[in-house]
Amino acid sequence: FEVIDEASLQRSAIAVKFEFRTAFLLLVAAFSLAAVPPQVVDAQTTETDRHQLGLIDMAYVFKNYQKFNDQTEALQAEIVETDTEMKSRVEAGQKIQAQMKEFSAGSAEYEKLEGDLLTEQAELKKLQLKKQREFMRKEADIYKETYLEVRDAISRYSTYYKYTLILRFDRSGVTSAENPQDIVEGLNQQVLYHRNRDDLTDPILNYLNEHWKRTQQAAAPSSSTTN
C-alpha cells in the first residue's frame, strides 16, 4: 500500500478547505443576487435613462429679452443726458478762455479768470469720473439681474420637464458666420450636434418676455378715469 506522509495530508486538508470556502462564497453571492428585487434594478436603470440634456443661447436671450432692452435703453438715455450736461460745462470753460484773451497775463482779471477755469475743469473731471462709475455700476446690475432671471427661468423649466443638465451654446454656429473671428469661435463650440427639441432658447425667452409684459401691464395706470 501507498504510504502517505504528514505533509501530503496537510496539503490535502488545505485544498479541501479552499474548495469549501470557494463553494460557500459562490453560494452566498447567488443568494445575494436572488435577494435583489427586479424592480430595484429596473428603477436604477430607469433613473439613468431619465437624464435629459438641454441647450440655451444666452446671447440670443439677452439680445431679445424686452426687459433687458428697455433697461439698457433707459440707461443710454441717462448717458445722453449726462453728455449734454458735460458739453454745457465744456462750453462754460471755453467762454472763460475767451474772456482771458481780453486781459494781459499776470493781471488781476486774468488770474481770476484762470482760477475760475481751473475750478471748472476740476469739477468737470470729477463729474466725469463720478458718472462713469455710476453708469458702469448700473450696467453691471442690469446684466446681473437679467442673468439671474434667465437662470431662474431655466431652473423652473428644467424642474418641470425633468431636465438634468443645461449647457450654453451659440445656436447660429458657423453657418451664419462671415468674418474670420466668428468662424473661429463657431469652430470652437463645444456642441457639435443636437436635436431641435434640445434647444430651450425659445421657450425660455417667450416665458421671460411674457412675464415682463404682464408686469408692465400690471404696473401701468388704468386707462379708465373716474369722474
Side-chain angles (χ1 to χ4, degrees), residues 43-86 130-225:
Q44 293 174 351
T45 304
T46 304
E47 185 66 26
T48 303
D49 294 339
R50 285 177 183 172
H51 286 299
Q52 291 193 73
L53 173 66
L55 305 171
I56 185 167
D57 189 338
M58 292 292 286
Y60 184 89
V61 171
F62 270 68
K63 183 179 179 180
N64 295 277
Y65 184 17
Q66 191 58 47
K67 179 181 179 180
F68 176 77
N69 292 333
D70 291 344
Q71 290 180 329
T72 52
E73 288 176 3
L75 179 60
Q76 185 63 34
E78 287 187 48
I79 294 175
V80 172
E81 183 179 354
T82 300
D83 287 343
T84 302
E85 181 182 355
M86 297 288 185
K130 177 184 177 182
K131 289 299 182 179
Q132 183 180 13
R133 289 193 298 266
E134 179 181 337
F135 292 142
M136 289 179 64
R137 180 71 263 171
K138 288 184 177 181
E139 183 181 34
D141 289 341
I142 291 174
Y143 274 86
K144 178 181 178 181
E145 180 182 0
T146 302
Y147 174 80
L148 292 176
E149 289 179 0
V150 175
R151 192 177 68 175
D152 179 70
I154 293 173
S155 177
R156 292 171 180 269
Y157 190 93
S158 301
T159 301
Y160 185 83
Y161 289 103
K162 310 301 181 183
Y163 282 88
T164 55
L165 180 64
I166 306 297
L167 300 176
R168 66 169 64 209
F169 81 122
D170 182 3
R171 68 193 326 194
S172 60
V174 185
T175 305
S176 60
E178 295 182 357
N179 62 67
Q181 182 178 355
D182 292 340
I183 294 175
V184 172
E185 290 179 357
L187 294 175
N188 289 330
Q189 276 200 90
Q190 298 296 322
V191 179
L192 300 180
Y193 169 79
H194 70 279
R195 299 169 299 181
N196 290 334
R197 67 180 184 180
D198 297 331
D199 185 358
L200 310 183
T201 304
D202 289 334
I204 295 297
L205 179 60
N206 293 337
Y207 167 81
L208 291 168
N209 282 330
E210 184 63 27
H211 183 267
W212 174 242
K213 181 180 179 180
R214 291 196 303 267
T215 302
Q216 292 295 93
Q217 291 175 346
S222 177
S223 57
S224 61
T225 57

| request: Provide the closest heavy-atom pair for A153 versus I204 in the form atom of the first, atom of the second, distance. | output: O-CD1, 3.7 Å
| field | Note, L148 side chain near E145 side chain (heavy atom, < 4.5 Å) | value | no
| Does one side chain, of D70 or Q66, offer a donor that lies under 3.5 Å from an acceptor on the other? | yes
| query | With the threshold set at 4.0 Å, does a side-chain nitrogen-carboxylate oxygen contact exist between K63 and D57? | reply | no
| Should the pair K67-E149 be classified as a salt bridge under the 4.0 Å nitrogen-to-oxygen rule? | yes
| Measuring from M86:CE to I79:CD1, what's the distance to the nearest 0.5 Å? | 11.0 Å
| Do T72 and Q76 have side-chain heavy atoms sitting under 4.5 Å apart? | no
| Relative to the ring of Y143, is the ring of F68 parallel (under 30°), tilted (30 to 60°) or perpendicular (over 60°)? | perpendicular
| task | Check whether more than 12 heavy atoms from other residues, nucleotides or ligands sit under 6.0 Å from atom CD of E81, and answer yes or no. | result | no
| Residue that, paired with H211, satisfies side chain to side chain contact (heavy atoms under 4.5 Å, CB included) out of N209, L208, T215 | T215
| said: Could you tell me if the side chain of R171 sits less than 4.5 Å from the side chain of D202, heavy atoms only? | reply: yes
| remark: Heavy atoms of Y163 and G54 approach each other most closely as CD2-N, 3.8 Å
| said: Looking at K131 and E134, is any side-chain nitrogen of the basic one under 4.0 Å from a carboxylate oxygen of the acidic one? | reply: yes
| request: Before giving the answer on side chain to side chain contact (heavy atoms under 4.5 Å, CB included), spell out for F135 and T82 the whole-Å C-alpha distance, their side-chain angles and the decisive distance to 0.1 Å. | output: CA-CA 10 Å; F135 292 142; T82 300; 3.2 Å; yes
| task | Report, as yes or no, whether the 6.0 Å neighbourhood of atom CZ on R197 holds more than 12 heavy atoms from other residues, nucleotides or ligands. | result | no
| Flag, side chain of T146 to backbone of I142, donor-acceptor distance under 3.5 Å | yes
| task | Specify the closest pair of heavy atoms between R168 and Y147, including all atoms of both residues, with the distance to one decimal. | result | NH2-CE1, 3.9 Å
| remark: On a heavy-atom basis, the closest approach of T201 and I56 is OG1-CA, 3.5 Å
| note | Residues passing the ring pair (Phe, Tyr, Trp, His ring centres under 6.0 Å) test with Y60, sequence neighbours excluded, are none
| So, do L165 and H51 sit near enough that their side-chain heavy atoms are less than 4.5 Å apart? | no
| message | Could you check whether any side-chain heavy atom of I154 comes within less than 4.5 Å of a side-chain heavy atom of L200, counting everything from C-beta outward? | response | no
| task | Taking all non-hydrogen atoms of both residues into account, name the closest pair between K162 and Q52 and its distance. | result | O-NE2, 3.2 Å
